[in-house]
Number of protein chains: 2
Amino acid sequence: MHALDDGISRWRRVADAIRADIASGVIAQQLPPEVELAERHGVNRHTVRRAIAALSTEGLLRAERGRGTFVNAQPPRVIYPIGERVRFRENMMKQSIEPSGRLIGAERVAADARQAALLDVSFGAPLHRLERLAVVDSMPMSRSTSLFSAERFPDIISAYAETGSITQALQKSGVSDYRRRETRITAERVSPNDVELLQCASDAIVLISNAVDIDMEGKPVQSVRTRFLADRFELSFKPDTD
Amino acid sequence: MHALDDGISRWRRVADAIRADIASGVIAQQLPPEVELAERHGVNRHTVRRAIAALSTEGLLRAERGRGTFVNAQPPRVIYPIGERVRFRENMMKQSIEPSGRLIGAERVAADARQAALLDVSFGAPLHRLERLAVVDSMPMSRSTSLFSAERFPDIISAYAETGSITQALQKSGVSDYRRRETRITAERVSPNDVELLQCASDAIVLISNAVDIDMEGKPVQSVRTRFLADRFELSFKPDTD
DNA sequence: ATTAGTTGTCTATACAAATAGACAAATAGG
DNA sequence: CCTATTTGTCTATTTGTATAGACAACTAAT
């Protein structure tokens with residue numbers, strides 16, 4: 001009677017279903033009793049209990065003996081505008097959120113064919129790779145990998161380390177302003193490497209944004225790949241605004 | 001010694017890792033031998049075999065006894081531009097793709113608070129809900145739920161049924177042109193209802209786009225929620241283009 | 001105080017997942 | 001032809017998942 005053997009346990013599917021019901025508002029404050037949930041999902045009560053246990057350690061639910069199981073209030077999704085002007089710090093502060101970027105790694109690499117085309121440098125040219133982690137209220141939000149031409153921006157790493165801001169680091173390197181040329185968005189399961197970094201479940205979903213920033217003459221400045229945790233973010237694109 | 005009990009079987013995690021390695025180009029044509037994969041992922045060879053079996057029935061891999069396991073060529077992700085002008089048919093035909101929309105349901109509903117605000121109608125006002133399925137080469141790509149004011153567009157359903165196009169259905173209803181006001185993007189696991197409709201795995205990831213279209217006077221025309229299969233799509237946002 | 005309804009804990013059983021080892025069958029290269 | 005390498009098949013064992021039933025502990029209302 002097993003629907004599809006997709007390698008996902010029943011309690012996990014029940015947990016996902018409950019999570020979805022909460023997100024969509026089907027379940028508001030209090031969960032139905034365990035026996036009812038078991039019937040609804042066609043599983044044993046113990047399976048429901050395991051699902052609830054998982055969601056409880058996640059902080060989404062709170063079970064009280066004799067009373068029932070309740071939904072904890074969740075922080076709303078952070079809205080992240082994508083458009084011509086993308087400035088992480090500005091965007092967050094408009095929503096009364098105090099952000100902080102953390103440098104988690106820097107490396108010198110050679111441009112592969114794809115990056116060479118995006119950044120308009122020759123194949124194999126030296127690049128600075130900058131790994132950042134965006135944190136809001138001590139909760140990891142996204143992980144970014146930026147690539148800069150090492151020839152054009154030899155000191156971008158130290159400039160970022162000092163200022164903690166891409167915008168300011170670029171200003172020190174002579175780029176007074178920049179804008180986004182293109183943003184491509186897709187979604188995947190989080191990579192195992194990022195699980196502890198982002199403090200998320202090992203099967204969390206990340207929104208992936210591949211973008212290229214250009215200076216005012218239209219020359220590529222940075223190529224950046226950001227992985228947003230999908231359950232903490234919502235990307236917003238407004239044509240008119242700004 | 002279990003890393004994290006997240007309800008996902010080991011073979012499934014190995015399968016996901018292999019899929020990711022293929023997507024990122026770490027694995028190109030041929031897979032490493034099963035024993036090597038087993039070591040790399042810290043599992044038994046049989047577990048790797050099960051992962052490979054799943055990916056083979058999925059069409060991603062092809063195992064040949066005595067030779068090895070090979071990666072089948074995959075169709076590239078369809079690039080879907082989001083911007084002011086969003087026209088499904090036009091967008092697809094630019095990429096030499098012949099699309100087709102299928103009407104899978106229509107219903108008359110009352111506006112809830114959120115939809116009323118988006119469409120600028122009063123709470124409880126009658127809406128037409130239009131459910132569509134976008135198909136490319138007989139492969140389902142996305143599922144859309146459109147909402148129109150039933151007062152302003154009483155015949156939108158039949159107009160869409162005749163023309164098979166939102167753009168043309170709106171023209172028949174007196175809207176010569178429209179543009180997108182805002183697009184909000186997030187990602188979730190596919191809902192169980194959509195699994196058979198979209199012909200995808202029960203834990204596939206969907207990119208969700210919530211958008212509002214407005215006419216040339218700025219009045220809201222439709223509110224549309226589209227669920228794109230993340231492994232078949234890439235959303236692209238270009239500020240300058242058009 | 002009693003009762004109905006709820007979550008928490010315990011034992012037991014059937015079934016699937018993962019591990020382990022051995023060997024067959026096909027391929028490729030010397 | 002022979003050998004090394006690789007995928008395919010088989011048996012067996014251990015561990016984890018899911019089901020089943022019973023009962024305790026707690027809450028809220030009568």
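Below, read A as the first sequence line, B as the second, and so on, with proteins coming before strands; counting in each chain starts at 1.
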- Task: Send over the distance from A:Arg10 CZ to C:dC15 P, rounded to a whole Å.
- Result: 14 Å
- Query: CZ of A:Arg62: more than 12 outside heavy atoms within 6.0 angstrom?
  - Reply: yes
- Task: Using the closest heavy atom to pick a nucleotide of DNA chain D for each, name whichever of B:Ile52 or A:Ser9 lands nearer the 5' end.
- Result: B:Ile52
- Message: Within the 4.0 Å heavy-atom criterion, would you say B:Val43 contacts the bases, only the backbone, or no part of the nucleic acid?
- Response: sugar-phosphate
- Does a side-chain N-to-carboxylate-O contact under 4.0 Å join A:Glu188 and A:Arg227? no
- Message: Across nucleotides 21-30 of chain D, 5' to 3', mark each nucleotide with B, S or - according to how protein heavy atoms within less than 4.0 Å reach it.
- Response: BB--BBSS--
- Gap between atoms CD1 and C1', on A:Ile8 and D:dA18 respectively (whole Å): 16 Å
- Item | Interatomic distance where CD belongs to B:Glu39 and P belongs to D:dT5 [whole Å] | 14 Å
- Item | Whole-Å gap separating P (D:dT7) and CD (B:Glu36) | 10 Å
- Message: Does A:Ser236 form a side-chain hydrogen bond (donor to acceptor under 3.5 Å, both in side chains) with B:Glu182? I'd like the steps, not just the answer.
- Response: CA-CA 7 Å; A:Ser236 166; B:Glu182 183 178 12; 2.7 Å; yes
- Query: Between A:Arg13 and A:Asp16, is the closest basic N to carboxylate O distance under 4.0 Å?
  - Reply: no
- Could you state the CG-P distance from A:Leu37 to C:dT7, rounded to the nearest angstrom? 8 Å
- Quick one: sort the B:Tyr80 and B:Phe233 rings into parallel, tilted or perpendicular, breaks at 30° and 60°. perpendicular
- Estimated bend of the helix from C:dA1-D:dT30 to C:dG30-D:dC1 (axis per five terminal pairs, rounded to 10 degrees): 30°
- Message: Does C:dT7 have its OP1 or OP2 closer than 4.0 Å to a side-chain nitrogen or oxygen of A:Thr69?
- Response: yes
- Rounding to a whole Å, what distance do you find between B:Asp6:CG and C:dA17:P? 15 Å
- Query: Which of these passes side chain to side chain donor-acceptor pair (under 3.5 Å) with A:Thr145: A:Glu131, A:Arg132, A:Arg225?
  - Reply: A:Glu131
- If the plane angle is over 60° it's perpendicular, under 30° parallel, otherwise tilted; pick one for A:Phe237 and B:Phe237. tilted
- Item | Rounded interatomic separation in angstrom, taking CH2 from B:Trp11 and C1' from C:dT19 | 17 Å
- Nearest-Å distance for atom pair CZ/P, residues B:Phe70 and D:dT6: 11 Å
- Out of C:dT7, D:dA18, D:dT7, which nucleotide sits closest to the side chain of A:Arg49? C:dT7
- Message: Is there a side-chain contact between B:Thr47 and the phosphate of C:dA17, meaning an N or O under 4.0 Å from OP1 or OP2?
- Response: no
- Could you tell me which non-hydrogen atom of B:Arg143 sits nearest to which non-hydrogen atom of B:Leu197, and how far apart they are? NE-CD2, 3.2 Å
- Message: For a quick check of understanding: with a heavy-atom distance under 4.0 Å over all strands, which category does A:Arg50 fall into, base, sugar-phosphate or nothing?
- Response: sugar-phosphate
- Message: Between A:Asp21 (side chain only) and A:Ile27 (backbone N and O only), is there a donor and an acceptor less than 3.5 Å apart?
- Response: no
